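Single-structure report; data block below.
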Amino acid sequence: MAELPKRYDPKAVEPKWYQRWIDDHDFVANSKSSKPPFSIVMPPPNVTGVLTLGHVLNDTIQDILCRRARMQGFEVLWLPGMDHAGIGTQTAVEKYLRRTENKTRHDFGREEFLRRVLEWQDKHGGIIIEQLKRLGCSCDWSRQRYTLDEGYAHAVQSVFVDLYNKGLIYRGRRMINWDPAAQTALSDEEVVSKPQKGKLYFVQYEIAEEAGRFLEVATTRPETIMADTAMAFHPGDTRYVNLLGKHVWRPLAREKIPIIADEAIDPEFATGVLKVTPAHDSVDFEIGQRHDLPIIDVLHPDGRINCPTELELNGLDRFKAREKAAELLQTRGALTKTEAYENNVGFSDRSDVPIEPRISEQWFLRYPKTNEALAVVRNHLIRVFPAHWEKVYAQWLENIRDWCISRQVWWGHRIPAWYRKQKAEGRGQRSEIYVGVEPPPDPDNWVQDPDTLDTWFSSWLWAYETMDEETQKKFYPTSVLVTAPDIIFFWVARMIIAGLEFRPGKSDRDEDNIPFRHVYFTGLIRDKRGRKMSKSLGNSPDPLELIDKYGADGLRFGLMRIAPSGQDIRYDEKQIEEGRNFATKLWNVARLRQMHGETSNAFGAKIDDKHLSIYAIEVLSRLNETIDAVDAAYRDYQFNAVAQHLYDFVWSDYCDWFVEAAKTEIFGDDDARKKSTLATMDFVLSAILRLLHPFMPHITEELWSLLGFGKTSIQFAAPVQKIALDNVTDVPGKRELVSAIYRTVQTGRNLRAESKLQSNRGIGFILCSNEKLISEQLPAITRLLNAEEVKLDGEYQAPAGNPVAVTPLGEISLAIAAADKERERERLAKEIARIENELRTAEEKLKNKSFVERAPAEVVDEHRTRLKNLSAQLARLKQAREDLN
RNA sequence: GCGCGAUUAGCUCAGUGGUAGAGCACUUGCUUCACACGCAAGGGGUCGCUGGUUCGAUACCAGCAUCGCGCACCA
């Protein structure tokens with residue numbers, strides 16, 4: 001074996017192993033396998049997206065679960081893919097074309113524009129897939145899917161047709177959320193409300209029947225006055241009852257409109273009068289329906305005013321028009337005052353511009369199976385981690401509204417509906433509709449709906465339409481879905497509904513048709529200051545740069561260690577650095593082992609547990625505990641806990657204590673002992689590598705191979721098993737002794753440091769102990785203390801002035817007098833104060849009658865023992881203080 | 001307004017009905033034969049506030065405060 005370099009070099013190791021795994025088809029799932037299945041479908045990233053830290057978090061977790069399952073003997077399918085991201089991709093291409101060719105999509109026409117999008121997709125598409133490979137993701141790339149794959153697209157359309165035939169999809173003219181920037185309808189979920197500082201404009205409308213008398217109304221949107229078709233007050237509002245049935249003059253686009261009464265008006269708000277604008281507000285629309293008001297739309301799709309009768313406003317952008325309208329009202333004497341006002345305005349999640357509520361003819365889905373979808377989660381057929389998301393999910397389903405699924409976008413799945421040409425011209429008549437996966441037989445007489453479907457209307461089938469029949473049979477329902485909570489409605493809930501409605505499972509039972517058995521929601525990654533990561537803030541680091549700097553394994557481990565117990569994550573690059581440092585630590589402790597000759601084949605090797613040192617017994621016991629803790633943490637999807645347990649075990653238990661103690665034997669003359677110690681090191685190290693492999697696949701594979709722990713890849717190595725230690729007598733007693741030794745060592749080190757002795761200076765200690773088993777442990781204690789010599793003397797009385805401390809094994813003292821008596825006095829005083837403090841709390845407890853009577857006997861005993869020990873320690877330290885004087 | 005979550009060391013976060021933890025940062029000593037991306041030692045916390053349950057509460061319960069998130073909103 002060649003000597004390893006001091007530092008692990010991920011750049012040399014990671015690509016090499018990834019390529020090997022691909023070449024060996026290690027990630028390809030076999031549908032015919034007899035192993036039990038484990039499957040995950042990857043939440044598909046946007047086809048033109050690039051890797052973000054959010055993806056790293058998500059996909060690392062999925063990779064961990066998959067790799068662990070592989071080691072546990074499951075047949076694993078991790079199915080990757082991408083989605084076409086209708087609006088997002090189209091917007092990006094439009095922006096690009098405007099910049100480079102100064103043309104809109106309409107300049108190109110549909111066909112040419114789509115050709116351009118495909119060009120764009122070929123150029124920018126799929127980058128993220130290559131990035132995921134650099135992260136080490138063990139996806140079955142042979143099964144990679146895309147939402148626009150022919151078969152998948154066909155399925156999306158079939159589903160549309162099916163739901164249409166069931167009467168669940170319908171076309172209707174309704175209030176929808178209009179995005180004037182993207183110029184498309186959006187679903188309710190794509191609207192986010194934000195508080196906005198605006199103004200409240202108080203406007204007077206003259207009463208037609210009583211010239212000179214006015215009705216005052218407060219509005220935030222004076223630019224929609226031309227669309228007012230009534231004024232309304234609450235029926236119980238006595239101030240206005242006598243005006244019911246009369247009319248007012250609309251001050252812009254002057255016309256007479258009626259005064260009505262409606263329950264929806266809050267008499268407390270402002271003047272208690274509402275201007276009713278049915279075309280531009282959903283509450284007003286409902287009022288309009290109740291009172292049979294006309295609907296006047298004064299907005300172009302792009303948000304400009306469409307009102308030829310008010311020339312000064314016509315054609316203005318809605319926000320410019322707001323100011324202009326106020327001006328006009330002012331000059332016409334209709335504006336009485338304005339007030340600063342803060343209200344919530346719906347913004348487009350896509351374009352970040354205010355949404356226009358707008359009447360529009362769109363396609364809607366009346367959700368099926370909502371009760372069933374509630375039930376499968378409530379009854380834990382689907383388990384949600386962390387569980388509190390169940391409530392959020394239920395809340396949404398309980399208040400669910402029809403889903404507007406049509407988008408005025410060209411890039412996506414075209415709506416499979418056609419309208420008959422001639423009838424379409426007839427006024428007021430519903431045109432005849434043909435809905436089918438295949439176009440109508442006489443296509444010349446029909447024109448297809450120009451719109452496409454919401455991208456989520458395709459991804460809700462992702463859990464099973466990505467699988468061929470055989471794959472579905474083996475791997476559906478999937479084992480777990482890993483995703484961020486911000487798409488719980490967009491995707492998670494809708495997938496559950498799709499599974500229950502379309503029933504792709506092997507039987508008709510719900511448990512065979514749900515898309516996944518577990519859902520794990522990750523946290524959201526925020527920056528140091530707690531802000532969401534976003535492109536516009538520029539606070540999102542490039543994971544590829546992080547991989548260059550710290551290695552994929554370092555990035556993965558660093559992120560997982562701080563990641564999710566369902567909380568949001570404050571990201572700090574320091575944490576990734578720690579991940580890299582941990583990789584280096586692991587590398588070096590393996591390097592140490594490798595310097596001492598060939599390893600035993602520790603994979604499945606048996607340890608001769610009759611000849612173990614007490615330190616070996618301790619580390620093996622700690623390994624057992626770690627295995628249990630890790631298993632438990634995995635069961636709860638507590639990845640940070642898994643990482644932390646492994647980190648602590650490797651760094652503290654293995655490196656700091658066991659390996660340091662073991663050096664006595666490794667560098668010693670007793671070959672049998674040396675061999676036994678090395679065998680323990682191999683055993684533990686091979687366990688460490690296997691436990692860490694899901695988190696750090698590359699370095700563990702490299703070390704597995706370098707140390708010769710297995711002939712084949714670590715990926716399929718047997719899971720780590722606890723070691724029984726059957727032939728060891730009195731394990732607890734031996735562990736107790738090790739623990740006492742370690743505490744003694746720490747006390748000794750402290751004594752030296754507090755006495756200001758340089759840590760590299762040779763120094764003698766005397767341990768005054770009657771512990772029988774100690775003498776053979778002296779070499780280890782000496783090494784751990786980095787001492788020149790440790791003398792054991794059960795009768796030893798430290799000379800006055802020699803620093804002394806109390807340990808579980810007895811007193812330990814330095815062989816030399818304290819150089820600085822004052823410092824020594826202070827040290828003793830501090831120690832005495834600490835012990836007196838502890839003594840006091842223990843005494844108080846034991847003085848309390850009800851504590852002694854009612855607390856469990858073992859707790860009381862524990863405190864009694866403590867009291868005894870502390871008193872003894874205190875006496876000895878006080879003696880030392882006396883001696884000093 | 002309704003719901004959810006958080007509040008523990010300077011920072012990021014674990015945690016437990018009985019003695020408060022880690023990493024980073026900080027101070028000190030050390031290039032000791034795996035590792036300075038390291039080793040060793042140390043300082044630092046009324047566990048948000050107020051009640052309740054309990055022999056005992058940082059932990060369990062209730063209320064409050066602050067912050068964050070989601071849903072619904074009055075123009």
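Because only heavy atoms are used, hydrogens play no part in the values below, and waters and symmetry mates are left out as well, while side chains stay in. The structure presented is a predicted model; accordingly, all values stated were derived computationally and were not measured. Labels below follow one simple rule: chain letters A, B, ... track the order of the sequence lines, proteins then strands, and each chain is numbered from 1.
- When every heavy atom of A:Trp587 is checked against every heavy atom of A:Glu702, the shortest pair comes out as CZ3-CG, 3.9 Å.
- Comparing the C1' positions of B:C24 and B:A14 gives an interatomic distance of 14 Å, to the nearest angstrom.
- The side chain of A:Asn750 places no N or O atom within less than 4.0 Å of a non-bridging phosphate oxygen (OP1 or OP2) of B:A40.
- Residue A:Leu274 comes nearest to A:Ile265 through the heavy atom pair CB-CG1, 3.7 Å, listed as atom of the first residue, atom of the second, then distance.
- Aromatic rings from A:Trp396 and A:Tyr367 are positioned such that their centres are separated by under 6.0 Å.
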Per-residue pairing states of RNA chain B in dot-bracket (Watson-Crick or G-U under 3.5 Å; . unpaired, | other strand) read (((((((..((((....[..)))).(((((.......))))).....(((((..]....))))))))))))....

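- Across all strands, A:Tyr571 comes closer than 4.0 Å to no nucleic acid atom at all (heavy-atom distances).
- Between A:Trp396 and B:G3, a side-chain N or O to OP1/OP2 separation shorter than 4.0 Å is absent.
- Outside the 6.0 Å centre-distance limit, the rings of A:His234 and A:Tyr240 are not counted as a close aromatic pair.
- Of the C1' atoms belonging to B:C13 and B:C47, the separation is 13 Å, rounded to the nearest Å.
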Which protein N or O atoms sit under 3.5 Å from an N or O of nucleotides 28-32 of chain B?
residue	atom	partner	partner atom	Å
B:G29	O2'	A:Ser759	N	3.2
B:G29	N2	A:Ser759	OG	3.4
B:G29	N3	A:Ser759	OG	3.4
B:C30	OP1	A:Gln758	NE2	2.9
B:C30	O4'	A:Ser759	OG	3.2
B:C30	O3'	A:Asn760	ND2	3.1
B:U31	OP1	A:Asn760	ND2	3.1

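- Across all strands shown, A:Arg593 has no heavy atoms under 4.0 Å from either base or sugar-phosphate atoms.
- When side chains are defined from C-beta on, A:Glu342 does not count as touching A:Gln196, because their heavy atoms never get closer than 4.5 Å.
- Between A:Tyr341 and B:C74 there is no side-chain N or O to OP1 or OP2 distance below 4.0 Å.
- Taking atom CZ on A:Arg866 and atom P on B:G18, their separation rounds to 13 Å, with Å as the unit.
- Residue contacts shown for A:Asp281 are absent, as no nucleic acid heavy atom lies under 4.0 Å away.
- Distance check on atom C1': B:U53 versus B:G45 gives 26 Å, rounded to whole Å.
- The CG atom of A:Asp9 sits 17 Å away from the P atom of B:C35 (whole-angstrom rounding).
- Nucleotides B:G43 and B:G5 place their P atoms 38 Å apart, quoted to the nearest Å.
- Contact annotation for A:Asp656: backbone-only contact, meaning every heavy-atom pair under 4.0 Å involves sugar-phosphate atoms and none involves a base.
- As rounded to whole Å, 12 Å separates atom P of B:A20 from atom CZ of A:Arg834.
- Side-chain nitrogen and oxygen atoms of A:Lys585 include none within less than 4.0 Å of the OP1 or OP2 phosphate oxygen of B:C35.
- Atom-to-atom, CZ of A:Phe521 to C1' of B:G70 comes out at 13 Å; the value is rounded to the nearest Å.
- Between A:Pro386 and A:Phe521, the shortest heavy-atom distance links the atoms CD-O, 3.7 Å.
- For the residue pair A:Arg580/A:Thr584, the side-chain donor-acceptor check at 3.5 Å is not satisfied.
- Each of B:G18, B:A75, B:C35 was ranked by its minimum atom distance to the side chain of A:Arg591; first place goes to B:C35.
- Regarding A:Arg783, its CZ atom lies at a distance of 16 Å from the P atom of B:C39, rounded to whole Å.
- Aromatic ring centres of A:Phe639 and A:Tyr520: separated by under 6.0 Å.
- Backbone-only engagement by A:Val283 is indicated by non-hydrogen atom pairs under 4.0 Å involving sugar-phosphate atoms exclusively.
- The gap from the C1' atom of B:A22 to that of B:G15 amounts to 10 Å, rounded to the nearest Å.
- Nucleic acid contact for A:Arg401: sugar-phosphate only, since backbone atoms but no base atoms lie under 4.0 Å from a heavy atom of the residue.
- Among the protein residues, A:Arg749 comes within range of the sugar-phosphate backbone only, with heavy atoms under 4.0 Å from sugar or phosphate atoms but none that close to a base.
- Using atom P as the reference point in both B:G23 and B:C61, the two lie 31 Å apart (nearest Å).
- At a threshold of 4.0 angstrom between heavy atoms, the contacts of A:Arg561 are confined to the sugar-phosphate backbone, with no base atom among them.
- For A:Tyr637 and A:Phe385, the ring centers sit closer than 6.0 Å to each other.
- No contact: A:Pro485 has no heavy atom under 4.0 Å from any strand.
- Taking atom CZ on A:Phe233 and atom P on B:A75, their separation rounds to 21 Å, with Å as the unit.
- OP1 or OP2 of B:C55 sits under 4.0 Å from a side-chain N or O of A:Arg854.
- For A:Phe667 and A:His596, the gap between ring centers is short of 6.0 Å.
- With sequence neighbours excluded, the residues satisfying ring pair (Phe, Tyr, Trp, His ring centres under 6.0 Å) with A:Phe490 are A:Trp456.
- Qualifying ring pair (Phe, Tyr, Trp, His ring centres under 6.0 Å) partners for A:Phe347, counting only residues two or more places apart in sequence or in other chains: none.
- Here CG of A:Leu757 is found 4.5 Å from CD1 of A:Ile763. Values are rounded to the nearest 0.5 Å.
- Between the C1' atoms of B:A59 and B:U19, the separation comes to 15 Å (whole Å).
- Taking the P atom of each, B:G21 and B:U58 are spaced 15 Å apart, rounded to whole Å.
- Across residues 658-669 of chain A, A:Glu660, A:Lys663, A:Phe667 each have a non-hydrogen atom less than 4.0 Å from an atom of RNA chain B (numbered order).
- At the heavy-atom level, A:Lys849 lies nowhere under 4.0 Å from the strands shown.
- Nearest-nucleotide mapping onto RNA chain B: of A:Gln644 and A:Val852, the residue sitting toward the 5' end is A:Gln644.
- Judged by distance alone, the side chains of A:Thr336 and A:Glu216 do bring a donor and an acceptor atom under 3.5 Å apart.
- When heavy atoms are screened at a 4.0 angstrom cut-off, A:Lys574 is found touching the sugar-phosphate backbone but no base atom.
- A sub-4.0 Å separation between OP1 or OP2 of B:G56 and a side-chain N or O of A:Asn848 is absent.
- A distance-only check finds no donor-acceptor pair linking the side chain of A:Asn837 to the backbone of A:Ala833 [under 3.5 Å].
- Note on A:Glu853: nothing from the nucleic acid sits closer than 4.0 angstrom, heavy atoms only.
- Between the CG atom of A:Leu592 and the P atom of B:C33 there is a distance of 12 Å, given to the nearest Å.
- Counting any heavy atom pair closer than 4.0 Å across all strands shown, A:Asp572 reaches no nucleic acid atom.
- For the ring pair (Phe, Tyr, Trp, His ring centres under 6.0 Å) test, residues two or more places apart in sequence or in another chain that qualify with A:Tyr654 are A:Phe658.
- Between A:Lys275 and B:A75 there is no side-chain polar atom (N or O) within less than 4.0 angstrom of OP1 or OP2.
- Remark: P of B:C4 and CD1 of A:Ile488 are 14 Å apart, rounded to the nearest angstrom.
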